[in-house]
Amino acid sequence: MASRFNPLKADAHWQKVWDEAGTFRASDASGRPKAYILEMFPYPSGRIHVGHGRNYVMGDVLARYKRMKGFEVLHPMGWDAFGMPAENAAIERKVHPGEWTRANIAAMRGQLKLLGLALDWSREFATCDPAYYGHEQALFVDLFEAGLVYRRESEVNWDPVDMTVLANEQVIDGRGWRSGAPVERRKLSQWFLKITDFAEELLDGLETLDQWPDKVRLMQQNWIGKSRGMRFRFRIADPTAGFDSFEVFTTRPDTIFGSSFAALSPDHPIALALAEGRPEVAAFIAECKKGGTTAAELETAEKLGFDTGLKAVHPLDPEWLLPVYIANFVLMDYGTGAIFGVPGHDQRDFEFAHKYGLPILRVVAGSAADADRPVEGEAEPGEGVLVNSRFLDGMDVEAAKAAVIARAEGEGWGEGTIVWRLRDWGVSRQRYWGTPIPIIHCPTCGAVPVPRDQLPVVLPEDVDFETPGNPLDRHGAWKNVACPRCGGAAARETDTLDTFVDSSWYFIRFASQPADRPFDKAAAERWLPVDQYIGGVEHAILHLLYSRFWTRALRRLGMLGIAEPFQGLFTQGMVTHLTYRDADGNWLLPEEAEAAMDAGLPVTHGRIEKMSKSKKNVIPPEPIVAQYGADALRWFLLSDSPPERDLQWTDAGIEGAWRFVQRLWRLASAEAGGAGEDASLERKLHRTIAAVGANIEALAFNKAVANIYELANAIEKAPPSASRAAAVETMILLVAPMVPHVAEEAWAAAGRERLIADAPWPEADPALLVEEEVTIAVQVNGKLRDTLTAPKGAPRQALEEMALASDKVARILEGRAPRKVIVVPDRLVNLVA
RNA sequence: GCGGACGUGGCGAAAUCGGUAGACGCAGCAGACUUAAAAUCUGCUUUCCUUCGGGAAGUGUGGGUUCAAGUCCCGCCGUCCGCACCA
């Protein structure tokens, strides 16, 4: 047997063996319990780096482990292939987006294959395949017919660089999530999916996701943003411009007697109507729109108001008139676009009242005795008892809320209600490289869905990107069609779907891909939900919320009997690497940095950052695999850092991993020899079997790695014995999910005919998990003074006597008897002097 | 501003229920093997003191609860993440 493991030969060999045997092909018909392991599929942006690899290797270890545990494992791979980078590449390099995308997929598939991933490649697809997006169009038509899709003119987030609309979720600090350009407001006709119809169940469903990180559940909960409160109508004392009342929403109906003004959003219909006849109103509204939307600007933005001169009648006192302002801080798209101001108990209203000299009334106080204490410095939004509030006086906040709502509902001027922060999902994109929206606009029939037998609506290939904007819009031959309903001249919708639609159901298509429909219900339900989903936390809201919505929508349509698509979710950390910059702050490749230093130019070590092309700190997998092999790379990616935390790429780290792979090989290929039992090694082995299994299931790969190191150390120190030879063999099984190539090689070298990938996971013998002897800590006053060895399960009395017999303890106690003795069996004895 | 997470050796980290802090790895030091190097193997490696037996301190910081706190509670400091004029 060779003294060194040669990954160059072994990697390719075993990858071919797995491939030819169809080892990782998932069977829909197997009787074994299923496990669906999925990593978020990649966008084919060019090349992968080792940071992407970490994600796939984690899923791979779990998939291989589950196979060994007897599960039928579905572990597929595909490509989230629509999106703007392809179009940008088309514009810059004059290649067709499809060509660019296909070339990237081919390159990245080759890179992934170098890692020896246990993937079922037979289910691979790209979302830009008409065979995929055609079914997506069919699903869109289904949702359309079910009333879950609608079109409306709306003010949208317009990205002036990418020349497209962005969803609210895609606007970060007022800038486009991709381009980074400040987002503009524009009015456009857009297609929307009714995700708000599902707000309640998306929120409640979070409760069932106990295998999701709390952090992600909390983020979704905040995003959905449920607020309970009351809606009520203010009558306008002197109706103008055709309006005699307006509605407001509040979460604090209890403070209704603390109100000193009402305020309308600058976009409110009444404000807009007033602006028609009064230039000063129009000017104020224009002023409000000027301000930026970045965090910093909003932080410092002044509260601005314009007194319309209108008076609102207090709903509980017809004599009480409130001034009506237009105020810049009132948002049209939350609640009703109008508020009633309670300066004493809301900070924004407080600032507003200060600026415009409005009364600041106290209606909540710590106790009734504080009723006359003025509210000073800042608003008091907290708990207390109601004061200065007529029939509410003396109630606590919750009771007062209920009392006001009951009164309003009884008298018919308001009602208890719930308001959501979540908005409907705008899915129209004015881009070419996406799924065409399967709708035809007919001047007579309106928006007509493309009949199912005419799907897919295929993207035309012959498009030009010379002119800015959407090339579909200019493509007459594609765009101009007959109306499917009346046969008259009509035009295709030229907007394409947000690519997040593509990724909202790909996991269903992986489970089942018939040619004639999106998926087969029974086949999909065999695999779904995904047992373990792995990906970046950056998708905590967008992709994960949309997928949950899509799955629930399909359920409502009766197409799928599953509520939640992802039972387990894991968000892994990034791989980071050193960066270098020159004197001008430009990023340098490591070799450029070296050359510059040799030339005596100043080079600064940048921060250790997430690998990215722009920072020039990416490590591609090819040279690493060529030098150290796939197993060393996999081992490194699993070692040391907890998987949810960032992992720093270092040359020393990959070399350490390579040394371990070689060490495994040496252990496995050494002459076995020896006879007889080694009870202590067997205990170690069985504890390791249990620990590695538990740690892999918990995705604590770094701990599983440490368990293996401990076992390897113990085996190396153990004298030859039959136990030792068996331990080596078992260790090969334990590392097989993590370093599969060297494991197969060692397995074959040991004369095994079956693949180790098909071998069963070893079972820990429960009898060997229990120690016969334990080390007992002996403390005096809580400080460790001695340790002693006792049989497992020794009685308290015996432990106490042994502890008192210790010389060290005797020296410290100086002959005194301890006042108190605490004995924790099998752990410690604490003598309190 | 609101919400959340985290803070342990030179570094990555571990410590499952409040019970021997630092397992395991990296880096480092010393030694073995070698003509030499690589590879490999052995030992040491939290800090300070030491009469070499051991002793003291120690998990961001200050308190508290407890026989016992990295772990629980309260305050503070710092780092990171999410949301943000949400009525």
Side-chain angles (χ1 to χ4, degrees), chain A residues 3-4 172-174 213-216 218-223 225-227 229-230 248-252 255 263 265 291 293-295 297-299 301-303 327-331 333-342 345-349 351-352 381 419-421 537-538 540-541 635-636 639-642 644-648 650-653 655-657 659-660 662-663 666 691 694-695 698 700 702-713 716-717 775-787 808 811 818-824 826-833:
Chain A
S3 63
R4 268 206 171 192
I172 293 148
D173 287 343
D214 290 343
K215 176 194 168 90
V216 174
L218 191 67
M219 281 165 69
Q220 291 213 354
Q221 190 185 316
N222 292 338
W223 189 266
K226 182 179 188 174
S227 295
M230 183 177 89
V248 297
F249 172 74
T250 177
T251 55
R252 293 295 303 273
T255 61
S265 163
T293 46
T294 65
E297 283 168 314
L298 286 176
E299 189 81 15
E302 215 182 336
K303 303 280 176 282
N328 65 342
F329 64 91
V330 182
L331 307 174
D333 56 0
Y334 184 81
T336 60
I339 61 159
F340 81 116
V342 183
H345 306 285
D346 180 285
Q347 187 57 28
R348 285 161 321 182
D349 296 349
E351 289 168 28
F352 190 81
V419 160
W420 303 90
R421 184 185 176 282
V537 73
E538 67 275 17
I541 296 171
W635 189 256
F636 172 77
S639 303
D640 290 347
S641 275
E644 67 277 11
R645 245 180 263 177
D646 288 352
L647 169 70
Q648 198 195 335
T650 60
D651 293 343
E655 268 163 33
R659 279 201 300 272
F660 182 70
Q662 292 300 334
R663 189 173 160 207
R666 275 198 308 279
N695 282 326
N702 58 322
K703 294 187 208 170
V705 163
N707 299 145
I708 301 280
Y709 272 117
E710 277 193 59
L711 179 62
N713 290 344
E716 280 176 348
K717 286 200 170 67
T775 306
I776 306 287
V778 180
Q779 300 178 334
V780 176
N781 293 333
K783 278 185 190 266
L784 182 72
R785 293 302 176 178
D786 201 0
T787 59
K808 290 171 186 170
R811 203 178 328 129
R819 279 193 295 127
K820 191 173 174 186
V821 181
I822 283 124
V823 180
V824 182
D826 296 334
R827 292 218 91 123
L828 62 72
V829 178
N830 189 10
L831 306 165
V832 185

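What's counted below: heavy atoms across the whole structure, side chains too, no hydrogens, waters or symmetry copies. It should be emphasised that the depicted structure is a prediction, and the values quoted were computed from it without experimental measurement. Lettering of chains follows the sequences in order, A, B, ..., and the numbering in each one begins at 1.
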Listed nucleotide nearest any side-chain atom of [X], set [options]:
X: Leu218(A); options: G12(B), A57(B), G4(B); result: G4(B)
X: Tyr709(A); options: C24(B), U20(B), A87(B); result: C24(B)
X: Leu784(A); options: G12(B), A87(B), U20(B); result: U20(B)
X: Asp640(A); options: A87(B), G12(B), C81(B); result: G12(B)
X: Glu716(A); options: C41(B), A23(B), U20(B); result: C41(B)
X: Met219(A); options: G82(B), A14(B), U20(B); result: G82(B)
X: Arg348(A); options: U20(B), A87(B), C67(B); result: A87(B)
X: Val824(A); options: A13(B), A87(B), G19(B); result: G19(B)
X: Arg659(A); options: A87(B), A14(B), A27(B); result: A27(B)
X: Trp223(A); options: A14(B), C85(B), C83(B); result: C83(B)

Between [N] and [X], is there an OP1 or OP2 to side-chain N/O distance shorter than 4.0 Å?
X: Lys820(A); N: C67(B); result: yes
X: Lys783(A); N: A57(B); result: yes
X: Arg645(A); N: G7(B); result: no
X: Ser639(A); N: C24(B); result: no
X: Lys703(A); N: U16(B); result: no
X: Asn713(A); N: G25(B); result: yes

When the distance from [atom1] of [X] to [atom2] of [N] is rounded to whole Å, what number comes out?
X: Asp214(A); N: G4(B); atom1: CG; atom2: P; result: 12 Å
X: Asn222(A); N: G1(B); atom1: CG; atom2: P; result: 18 Å
X: Asn328(A); N: A84(B); atom1: CG; atom2: C1'; result: 15 Å
X: Leu331(A); N: C83(B); atom1: CG; atom2: P; result: 17 Å
X: Gln662(A); N: A38(B); atom1: CD; atom2: P; result: 17 Å

Need one value for [X]: base, sugar-phosphate or nothing, where a base atom within 4.0 Å counts as base even if backbone is also close, heavy atoms only.
X: Asn702(A); answer: sugar-phosphate
X: Val419(A); answer: nothing
X: Thr787(A); answer: base
X: Gln347(A); answer: nothing
X: Thr650(A); answer: nothing
X: Arg819(A); answer: nothing
X: Arg421(A); answer: base

Who pairs with [N] - Watson-Crick or G-U, where each distance is under 3.5 Å:
N: C29(B); value: G43(B)
N: G1(B); value: C83(B)
N: U71(B); value: none
N: G7(B); value: C77(B)

- Query: Taking syn as any angle within 90 degrees of 0 and anti as the rest, which one fits G53(B)?
  - Reply: syn

- Has the side chain of Lys303(A) got a donor or acceptor that lies under 3.5 Å from a partner of the other kind on the base of C85(B)? yes

Are [X] and [Y] packed together at the side-chain level, in the sense that at least one heavy-atom pair is separated by less than 4.5 angstrom?
X: Tyr334(A); Y: Ile339(A); answer: no
X: Leu711(A); Y: Asn713(A); answer: no
X: Val832(A); Y: Pro818(A); answer: no
X: Val537(A); Y: Lys215(A); answer: yes
X: Met230(A); Y: Phe249(A); answer: no
X: Lys820(A); Y: Ile822(A); answer: yes

- Query: Hey, what do you get for CG (Asp640(A)) to CD (Gln648(A)), rounding to the nearest 0.5 Å?
  - Reply: 11.0 Å

- Task: Report the distance from atom OG1 of Thr255(A) to atom CZ of Arg252(A), rounding to the nearest 0.5 Å.
- Result: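 Answer rounded to 0.5 Å: 5.5 Å.
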
- Query: Between C44(B) and U34(B), how far is it from one P atom to the other, in whole Å?
  - Reply: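 Going atom to atom, P in each nucleotide, I get 24 Å.
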
- Relative to the 5' end of RNA chain B, which residue comes earlier, Gly337(A) or Ala706(A), by the nucleotide with the nearest heavy atom?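 It is Ala706(A) whose nearest nucleotide is closer to the 5' end.
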
- Message: Reading RNA chain B from 5' onward, which residue's closest nucleotide shows up sooner: Asn781(A) or Thr250(A)?
- Response: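 Result: Asn781(A).
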
